[in-house]
Each structure stands twice: as structure tokens, then as C-alpha cells.
Amino acid sequence: MTLIRTRFAPSPTGYLHLGSARTALFNWAFARHQGGEFKLRIEDTDLDRSRGEYEEAVLEGMRWLGLDWDGEVIRQSERRERHLAATRELLASGHAYRCNCSRESVEAGKQRDLAAGGPGTYDGHCRDLDLGPDCGEHTVRLRLPEEGLIGWEDAVFGPSGQDASQMGDAIIQRSDGTPLYNLAVVVDDIDMEITHVIRGADHQANCVLQLALYDALGAERPIMAHVPLIVDEQGKKLSKRRNNVSVQQFREEGYLQEALDNWIVRLGWSQGDNEFFSLNDLKHSFSLEGIGRSPAGADPAKLEWLNQHYIKELDSDDLFQRVYPHLEREAGRPVKDTPALRRLLDLLRERSTTLVQMATLARWQLREDLDYDEKAVKKHLKPAALPILESVLEKAQSIPEWKEDSLSQLFDDVSADHDDLKLGKIAQPVRVAVTGGPNSPGIFETLEVIGQARSLHRLEEAIALVQKRIQSAKVD
RNA sequence: GUCCCCAUCGUCUAGUGGUUAGGACACCGGCCUUUCAAGCCGGCGACACGGGUUCGAGUCCCGUUGGGGAUGCCA
């Protein structure tokens with residue numbers, strides 16, 4: 001039995017984006033499940049658009065997603081000689097021919113055919129001219145059958161193909177002597193012994209040409225599996241221009257690698273009613289049969305849900321490590337790893353949809369000065385709250401222990417002193433006093449996290465604030 | 001224009017001739033409750049349309065409509 005071998009072949013013309021990431025993930029998962037190899041090849045033959053920094057960005061995205069590849073990264077540009085040799089071979093065998101038609105005449109021919117209702121393909125002017133190397137500036141074209149179906153059994157779409165009469169002889173080598181994508185891909189896949197080509201459905205049309213190339217080169221055709229595209233809200237193919245979808249951007253926004261992998265694998269692939277898939281799960285159960293045939297729209301809400309799910313599952317150290325950069329940014333300075341902070345992060349898990357949000361929610365712990373929420377102050381720090389805050393402050397100074405139990409008792413005492421005031425009437429003013437806002441974890445837990453000294457200080461400041469508000473109200 | 005592909009709740013999907021068409025996200029309501037969440041319970045909500053085939057079609061065939069992709073000396 002031959003070893004299953006897949007590859008991911010991105011072109012380094014931008015950051016790794018969602019669609020590419022999913023293709024990579026499918027290839028990775030399939031290879032891993034089959035106990036095969038997963039290769040990485042950078043398609044950098046378009047020298048104008050390829051950039052070294054993008055290549056590194058793609059690699060970095062892959063690593064972050066947890067998609068490890070086998071062997072060295074192969075760079076297509078370094079295989080130029082092999083590609084040219086293949087063209088020479090095709091020329092020698094008569095499967096390809098030189099074409100010295102000018103761009104203008106080719107374009108004119110195309111327009112003529114289009115006007116006549118045809119497919120607008122190359123008219124084959126040089127097909128049987130048997131031009132030699134001295135025919136001037138020329139391209140090399142692949143000689144395709146004139147009729148008949150060029151078909152294949154797609155692992156996703158089933159019987160597929162196109163009639164040869166709809167195709168023109170395609171250029172495989174530019175007039176400057178450099179090889180073109182379709183030729184390079186096929187030659188590389190043959191040399192790399194790729195057994196399964198899993199890629200976006202936008203390659204379905206290329207497939208016919210590439211298959212013809214395999215045949216012309218006398219190579220065995222791999223299994224082709226085309227994956228439906230990921231589309232945007234308008235149902236259009238995700239594009240780097242229109243959509244903000246780079247993997248690194250999701251990372252910066254505080255999404256977990258686990259969540260992103262889980263999200264994209266379920267775009268166009270499913271396994272019964274299961275929703276949660278770790279990389280490890282995929283390694284054990286991914287199969288091509290689970291791939292659907294219709295385009296999938298990416299739903300950000302589902303990503304958020306998954307992200308929170310995985311945030312909740314992280315162990316304390318892992319969570320701390322991953323949220324740290326965001327905490328630092330929020331604090332504006334290095335942050336100390338303390339039991340109180342760990343406790344807070346734990347409380348924030350079920351309140352955070354992203355790591356960025358978690359850091360934002362931890363703001364009152366990360367900074368000394370509070371940002372008072374204007375609406376909350378207006379609603380909860382009003383004159384009526386003054387005696388309550390004073391009462392809490394007074395009792396808090398002599399509390400036996402700054403712990404949840406004692407604090408709970410303290411609130412009960414305050415309530416009793418104020419005509420059995422409802423807990424909420426005490427909790428909300430205190431919450432705004434110590435966090436600046438109307439929302440936080442349970443008030444006792446919040447106070448515990450903040451600590452006695454800081455809590456007392458913030459209570460005092462809030463009391464001063466209320467008094468000031470009363471004063472200015474009188475003046476007005 | 002030409003070729004190719006797709007079509008189940010708003011979204012992701014299960015479904016492989018016989019189901020009250022299932023699940024998840026979102027949404028709505030309730031419970032819980034010191035806020036926000038989380039959690040639990042419940043609700044809304046789909047087979048694009050028209051023909052066939054069949055005792056019986058979401059499932060098979062044809063057409064229509066709608067959407068998408070490809071039509072490069074880009075990858």
C-alpha cells in the first residue's frame with residue numbers, strides 16, 4: 001500500500017486567511033488520520049507578488065493553528081529547472097508546442113470566438129506549425145485533445161469533468177521562458193508523490209488542464225478532492241480585499257487556536273451531530289466523506305461561542321499565559337501574576353467571549369485608577385446610596401477577615417441596619433464604587449479579589465464622589 | 001457570452017425512498033439571581049419552484065429560478 005501524502009500549497013501573497021487555513025487543516029487532518037504525510041510547499045513563482053515576509057506569516061499561521069508538516073518546506077521557485085525539463089519533455093513527445101502568436105492576435109481571436117457565441121478559447125493557430133526554438137519570442141502550449149470528456153472521480157463531488165472542445169490549448173511556459181502555475185503544480189505534485197490533492201473548489205476548472213498534464217507526462221493521477229468555498233454574507237468567495245479574515249487577526253482579537261480550528265473544520269465538514277473537534281479528534285476521525293458540497297458561510301457568533309467554550313476549558317496556567325499579552329496591553333505595563341488575578345481570570349471565563357474581552361473586564365484590577373461609567377454612577381451613586389456606602393465602609397474597616405463569608409455577613413448586617421434593605425441595593429452602589437461599572441463577578445468575590453486596602457480606598461473615593469455630586473446639585 | 005458547480009430553519013448542518021424532518025449557533029420567553037454572565041427549561045424557525053419515477057420522495061431523474069466558481073503569458 002502506498003503512503004498517503006497530501007500537501008498545502010499556499011502562495012505567499014498575503015497573510016494566511018480563513019479559506020487557506022481550512023484547506024490546510026483538511027489536508028493535515030486527512031494525512032494524519034491516514035497515517036500519511038502532510039507537506040508544505042510555497043508557491044512563490046509569481047515573483048511580482050510573492051514576498052518573504054508573507055511566507056513567514058503563512059508559516060507562523062500554520063504553527064499557531066497547530067498544523068505541523070513533514071519534512072522541509074519546499075519552495076516552488078527553487079524547482080525551476082525541473083519545471084523547464086518537464087516542458088522540454090512535453091515538447092519532445094509532441095504533447096506541447098511552441099506558439100509565437102502575439103498577445104494581440106490571441107486576444108483578437110478570443111473576441112472573435114466570443115462574438116460568435118463560443119467559449120473564447122485559443123484558436124490553435126500554431127498547433128500544427130511545428131515551430132522550432134528559433135521561432136522568435138514564443139510561449140509553450142499544451143496540446144489538448146480536440147474533443148471528448150476529460151473527467152475524473154472527485155472525492156467530494158463525484159463524477160466530474162469537462163468536454164475538451166470547451167478548452168483551448170493552455171500556455172504552460174511564458175514567453176520569457178518561465179513556467180506557469182498549472183505546469184509547476186503538476187510537476188511538483190508528481191515529484192512529491194502527492195496522492196490526494198485537497199483544495200478549494202475554485203480550482204475545479206484548472207483540474208481538467210492539470211489532469212491532462214498528468215496524462216501527457218505519463219504520470220499517475222492523484223485523487224482529487226475539491227472543497228466548497230467559504231463565502232461571505234453576500235455569498236461571495238472570501239477575498240483578502242473585501243473580508244478581514246487573516247488568521248493572525250483572529251489571534252490578535254483574542255480567539256483561541258482551538259476555537260478557530262474547530263470553527264473552520266465545521267465549515268463544509270461535519271460528522272453527525274458533533275460540534276466539538278480538537279485537532280486530536282480530527283487525527284482520529286477525519287474523513288473526506290464528511291465534506292459537503294455546498295458553500296459555507298462563516299458565522300462569527302458561532303466562533304464566539306466556541307471560543308468561550310475553550311476558554312472555559314483552559315487550565316489556569318495556560319489561560320494566564322495566553323491572556324497575558326492582552327492584560328499587559330490593558331494595564332499599560334507589566335502585570336504581576338498573583339493569586340487574586342488568577343482568581344479573577346477564573347471568574348471571568350464565563351463572562352468572556354475573547355481574551356481581549358477578558359482583559360477589558362479585568363480593567364479595574366489591572367489599573368489603580370478607576371474609569372467610572374457615567375451612567376452607572378448616575379444610577380447607583382446617588383444621594384440615597386451615601387449612608388449605605390458609609391455603613392459598608394465603616395463595617396469593612398473592622399471586618400475580621402476579608403473573605404467571602406465575612407463579607408456576606410457584613411452585607412447582611414448593613415441590610416439589617418437599613419430596614420432590611422434588599423441586597424441588590426447595597427451590592428450595586430458598592431460594585432460601582434469598587435469597579436467603576438455596573439457589571440462584575442459576584443460582589444463578594446469582586447471585593448475579595450480587589451483586597452481590603454484597595455476596596456476601602458475606593459469606597460472612600462466613591463463616598464467623596466457622591467458628596468461632591470450632592471454639593472454641585474445644590475449649587476446648580 | 002461559454003463551461004462547471006451548488007440549493008434542508010437567519011447561519012453551520014444531520015438525513016443516503018417510509019422520520020411528528022434531528023442537532024448546534026443566533027434569536028425570543030421562563031427559571032436562577034446582588035449586576036453581567038454562565039447554567040437549566042421552553043419557544044420560534046427549513047426541505048426554492050414545477051414536472052416526472054415510485055405504493056411512497058428532503059432523499060432518484062428532468063426542467064425553471066436563484067446563487068456561486070472558472071473563463072490570465074496570476075497562483
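Here is how names work: the chains are called A, B, and so on, in the same order as the sequence lines, proteins then strands, and each is numbered from 1.
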>> Under the rule for ring-ring contact (aromatic ring centres under 6.0 Å, His included), what residues qualify as partners of Y97(A), not counting sequence neighbours?
In response: none
>> Below 4.0 angstrom, which residues in residues 106-113 of chain A have at least one non-hydrogen atom near RNA chain B?
In response: K110(A)
>> Output one letter per nucleotide in nucleotides 21-42 of chain B: B when a protein non-hydrogen atom lies under 4.0 Å from the base, S when only the sugar-phosphate is that close, - when neither is.
In response: -BBBBS-------BBBBSS---
> For F30(A), which residues count as a ring-ring contact (aromatic ring centres under 6.0 Å, His included) partner, sequence neighbours excluded?
Replying inline: H196(A)
> Residues two or more places apart in sequence or in another chain: which of them pass side chain to side chain donor-acceptor pair (under 3.5 Å) with W152(A)?
Replying inline: D154(A)
> Taking atom P of G72(B) as reference, at what distance in whole Å does atom CG of D169(A) sit?
Replying inline: 14 Å
>> Rounded to whole Å, how long is the line connecting atom CZ of F8(A) with atom P of A75(B)?
In response: 16 Å
> Taking CG from L229(A) and P from G67(B), how many angstroms apart are they, rounded to a whole number?
Replying inline: 17 Å
>> The criterion is side chain to side chain donor-acceptor pair (under 3.5 Å); which residues satisfy it with T87(A), sequence neighbours excluded?
In response: Q173(A)
> Using purine N1 to pyrimidine N3 plus N6-O4 or O6-N4 for Watson-Crick, or N1-O2 and O6-N3 for G-U wobble, both under 3.5 Å, which nucleotide pairs with G39(B)?
Replying inline: C31(B)
> When W269(A) is tested against each of I291(A), L288(A), L25(A) for side-chain contact (heavy atoms from CB on, under 4.5 Å), which residue passes?
Replying inline: I291(A)
> Excluding sequence neighbours, so at least two apart, what forms ring-ring contact (aromatic ring centres under 6.0 Å, His included) with F444(A)?
Replying inline: F411(A)
> T45(A) side chain N/O closer than 4.0 Å to the phosphate oxygens (OP1, OP2) of A75(B)?
Replying inline: yes
> Once you round it to whole Å, what is the distance between P of U71(B) and CG of L209(A)?
Replying inline: 11 Å
> Which pairs count as side-chain hydrogen bond (donor to acceptor under 3.5 Å, both in side chains) when at least one residue sits in residues 175-190 of chain A, sequence neighbours excluded?
Replying inline: R7(A)-D189(A), R41(A)-D189(A), Q76(A)-D188(A), R79(A)-D188(A), H83(A)-D188(A), R174(A)-T178(A), D176(A)-T178(A), Y181(A)-H203(A), N182(A)-Q210(A)
>> With the criterion set at under 5.5 Å between ring centres and under 30 degrees between planes, would A70(B) be stacked on H203(A)?
In response: no
> Is there a Watson-Crick or G-U wobble partner for G1(B) with both distances under 3.5 Å, and which nucleotide is it?
Replying inline: U71(B)
> In whole Å, what is the span from the CZ atom of F276(A) to the P atom of A14(B)?
Replying inline: 18 Å
> Which pairs pass salt bridge (charged side-chain N to carboxylate O under 4.0 Å, His left out) with one or both residues in residues 411-420 of chain A, sequence neighbours excluded?
Replying inline: K395(A)-D417(A)
Between protein and nucleic acid, restricted to nucleotides 2-6 of chain B and to nitrogen or oxygen atoms under 3.5 Å apart, what atom pairs and distances do you find?
{"unit_1": "U2(B)", "atom_1": "O2'", "unit_2": "Q166(A)", "atom_2": "OE1", "d": "2.7"}
{"unit_1": "C3(B)", "atom_1": "O2'", "unit_2": "Q162(A)", "atom_2": "OE1", "d": "3.2"}

>> Only pairs with both distances under 3.5 Å count, Watson-Crick or wobble alike; so what is the partner of C49(B) in this structure?
In response: G63(B)
> Is the gap between the ring centers of F276(A) and W305(A) under 6.0 Å?
Replying inline: yes
> Roughly, in whole Å, what's the span from CG in L238(A) to P in G69(B)?
Replying inline: 11 Å
>> For F38(A) together with F8(A), are the ring centres under 6.0 Å from each other?
In response: no
>> H125(A): which residues meet the ring-ring contact (aromatic ring centres under 6.0 Å, His included) condition with it, sequence neighbours left out?
In response: none
> Who does C44(B) pair with, Watson-Crick or G-U, both distances under 3.5 Å?
Replying inline: none
> Given atom CD1 of I171(A) and atom C1' of A75(B), what is their separation to the nearest angstrom?
Replying inline: 15 Å
> Among pairs that include at least one residue of residues 423-437 of chain A, which meet salt bridge (charged side-chain N to carboxylate O under 4.0 Å, His left out), considering only residues two or more places apart or in two chains?
Replying inline: none
> Taking atom P of G10(B) as reference, at what distance in whole Å does atom CG of D232(A) sit?
Replying inline: 19 Å
